[in-house]
Amino acid sequence: MTTNQTHTIAPVLPVPATAARLTALVGALATLGSTFLAWTWTAEFPGDLTVTGYPGGLQVLTLTGALLTALFALAGHGVRGLGWLVPGGKNSPVRLLALGTFTTTWYAVLAITVELGGLVNLEPGGWIAAVASLVTLVGALGLPADVPAENPGPASGWQRFTHAFKAPAPGKAAPLPSWAEILIIAAAFGIGLFIFTYGIDTEYAELFIGFLLLIGFGAPAVARAGLNRRLGALTATHKNVTVTAAFVAAFAFPFTQSNDAYATIGANILIFATVALGLNVVVGLAGLLDLGYVAFLGVGAYTAALFSGSPSSTIGIQLPFWAAVLAGAAASLIFGVVIGAPTLRLHGDYLAIVTLGFGEIFRIAMQNMDGASGPDITNGPNGIPNIPDLELFGFNFGEPHNVLGVELGRFSNYYLLMLFFTIIVVTVFRRSDQSRIGRAWVAIREDETAARAMGINAFRLKLLAFALGATLAGMAGTVQAHVTFTVTPAQYKFVEAVPPNSAFLLAAVILGGMGTVSGPLIGAALLYLIPAKLQFMSDYQLLLFGIALILLMRFRPEGLIADRRKQLEFHETGQLDAPKGDIGLSKAGV
Amino acid sequence: MTTDTVTPAGTGTPVLHASGVTMRFGGLTAVRNVELTVNSGEIVGLIGPNGAGKTTFFNCLTGLYIPTEGTVSYKGKVLPHRSHLVTQAGIARTFQNIRLFANMTVLENVLVGRHTRTKEGLWSALLRGPGFKKAERESEARAMELLEFTGLAAKRDHLARNLPYGEQRKLEIARALASEPGLLLLDEPTAGMNPQETRATEELVFAIRDQGIAVLVIEHDMRFIFNLCDRVACLVQGEKLVEGTAEVVQGDERVVAAYLGTPFEDAPGAEEVAEVEAAEAHATDRAPGPDSTTGATGTTSTTGPEGDPK
Ligand SMILES: Nc1ncnc2c1ncn2[C@@H]1O[C@H](COP(=O)(O)OP(=O)(O)OP(=O)(O)O)[C@@H](O)[C@H]1O
Ligand SMILES: [Mg+2]
């Protein structure tokens, strides 16, 4: 950006720019047209791709991808009125979108071929879609690069390919009237809600995979175009509006669901995400690697279950819900302090191993307190079933209610209850982060010795982070007990195919982005949705999970949503004063 | 044994008093029975060849190490062996190898330094009452004052790791000052700096002293030490060899011998001295950077005396 001599770099495919743009545009339009044709002859392939004149299922995704590709291609060309779409990169978004459309379309075509047994099952529409999306991709790869090369001289094919996806950061936006800015924020959250519900409501695995592919390429395309940064700047000026919009969008979710089965997913995602955000206090802020975090969720859930009035509870007392929440949080807090006090003197890997051990101790203890090998408290492996539904202010959470003309089922009710706790956790996270305590946590994470030399009682603050994280998880656990009807030890394993468990919670935090609010929420949503939607792969789930984590750590170590600090930590910075090379600080020794 | 104790020149009251401080690492005695007093309004220098135990002595003073023997008292009270309590009591320090919070902003680094002088806890942070807002505002104002004082105000929102080397050292001083210390310990504050930056640091240390903060400074740059210090102590192999005014220490042949080695009978030191001085000047003139620091100071240990004491 600020270098004086700029080195040009050839596009991936050596085509004149105009020809390339034209090819991409024509290809995108042809792809778009092809979605109105039949792709196959039988409705056996899910989504019914046999209708001419009306796109269905996977065709809708191709249509969206092609439409966006065409739009960004035009915007990149400088068509009036579309400039706002590409304040950052001009051609890299087109390339990514073309790639996304291509993979989605080819995935659809191949899925038809494989599932129905042969290429004969493709109608001409399918062939056209495949060819047209390929043409679009070829055109897009011929577009010039957005940023000049760093080094002079010819670049290898691979270098040109990776370089083709780099984009400059957008400049400062022209100021808009604040109502317009607020409207843009609202629209952005509306789109976010729409995409989220679309993902949850996908009815078959093929559609969900297509959705993931398109999002996987579409999201970075939008980022390359600079729209994320623009939106980030807006949300930074209108913080309260943003928070409100986020919760309005989250609140609106159950009202978009006609089927309570999908509301279940929503409620479970929310529980998972809330607990992940609690873990983010411990891992993201204070830098304590806790591999047994799910135990705190378990403590809360068991406490609530015991006081829920379940006929199987060994304690005959039924507490009102608010009291159960307080009891669950308090029990978790005590458990957190009891575990934290001896273990937090350890550092790094040692702490991780010990917390992992304590997490398992909790589960096994719950398993053994069955009256045979221990006191009769938890019914052992059978757990506490038949937890009654909550009733608050005459509102029974187990029954459907008609609110504003929409029928909210059991899980929608619990979703809304859980949302209340999510708001609490988000508030706690944000407020503690931006305070003397939060700064002390980050300081400890950065350099504990220096933090202590600055007067920070490191042990006490670490214990505080640990206890706070435990309390938040315990609180979430009290709701979880009611959502799942039953609390058993097996729900609180270290790793298991179904989230939440300690490994997945940590993965949600790391994948989403440590130290951010939205990161764990998005990470949790993805980690819950992917296994829930792709059940046919459940045998390989942990394998895929591992591969995904490795790839992510290789290519985006700061997580999907980058904390401002992390972003600068892992990548060359855009800051003007940033020295090239590593004149950073060495933390080793003397 | 060979300790020359000189009655302090300053008329101030003692701020720091270390008596009989000994630090052993297994068989190695890094600091042996060191007595040192720093009076209010004084700048005291601590010199000594590499590996003499200066940093170890600092670590004993600040509670990072628990000395094997001896006590350290601050304004008459014996200090506990807990780093944060020492800072709380009023001793702040910088590190030989900069230890900033690399991924926090410049302002945040200084705000962390304010930790002991503010007391807003978690509840206050969560409830965000008027008291919290007021305290945050005041902390920020104080931190900005310190950034102005050290000339870093314009860089408040930069990440600490992105500052040039000299400014990182200044930021460490600003962060230490934020804890409102009565005594500031500086461990090689000019290592890796160019001559102009060294001059500026000199001015900064004088300005700090003028605020009523006593300063104890470790440094290898003799010109810096002799310009600055009211009193200088020389540590050799863990023992305090000499203590006195700059002239006394400068003229002491034991100090010269400790730095340059005992001259051979047949090879008088003059040439060697010139050679060494030239080499030193060359080293300090080199571009600043962590590498040149280690080069210039010839740090021997990589295990890190400032690492976690167990
Ligand atoms: N934690 C430790 N464990 C074992 N030995 C140590 C430890 N810390 C320091 N030492 C040893 O103590 C001696 C004094 O080290 P110290 O770092 O205090 O020297 P210094 O005077 O600060 O030297 P320099 O001028 O190079 O900074 C060295 O021999 C060093 O190796
Ligand atoms: Mg040293």
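Order of the sequence lines fixes the chain letters, A, B, ..., with proteins taken first and strands second; residue numbering starts at 1 for each chain.
Ion pairing of B/K134 with B/E138 is present here, as a side-chain N (NZ or NE/NH1/NH2) and a carboxylate O approach within less than 4.0 Å. Between B/E140 and B/R156, at least one side-chain nitrogen of the basic residue sits less than 4.0 Å from a carboxylate oxygen of the acidic one, meeting the salt-bridge criterion. In summary, A/E448 and A/K462 engage in a salt bridge, as defined by a charged side-chain N under 4.0 Å from a carboxylate O. Between B/E167 and B/K155, at least one side-chain nitrogen of the basic residue sits less than 4.0 Å from a carboxylate oxygen of the acidic one, meeting the salt-bridge criterion.
Just one of B/L16, B/V38, B/L184 meets the side-chain contact (heavy atoms from CB on, under 4.5 Å) condition when paired with B/I91; it is B/L16. Exactly one of A/L288, A/L468, A/D433 qualifies for a side-chain contact (heavy atoms from CB on, under 4.5 Å) with A/W441. That residue is A/L468.
Only the side chain of A/L461 comes within less than 4.5 Å of a heavy atom in chain B; its backbone stays farther off. Both the backbone and the side chain of B/T118 come within contact range of chain A, each with at least one heavy atom under 4.5 Å from a heavy atom of that chain. Interface remark: B/R82 contributes side-chain atoms only to the contact with chain A (heavy atom separation under 4.5 Å). Both the backbone and the side chain of A/I456 come within contact range of chain B, with heavy atoms under 4.5 Å apart.
For the options B/T116, B/L85, B/L126, heavy-atom pairs under 4.5 Å to chain A are most numerous at B/L126. In terms of non-hydrogen atom pairs under 4.5 Å with chain A, the most contact-rich of B/V86, B/T62, B/V112, B/N109 is B/V112. Ranked by heavy-atom pairs under 4.5 Å with chain B, the list A/M454, A/R430, A/R436 is led by A/R436. Of the listed residues A/A440, A/G438, A/A458, A/S435, the one with more heavy-atom pairs under 4.5 angstrom with chain B than any other is A/S435. In terms of heavy-atom pairs under 4.5 Å with chain A, the best-connected choice from B/A176, B/S179, B/G121, B/G113 is B/G121.
Side-chain N or O atoms of B/R99 include none that pairs as donor or acceptor with a backbone N or O of B/T94 at under 3.5 Å.
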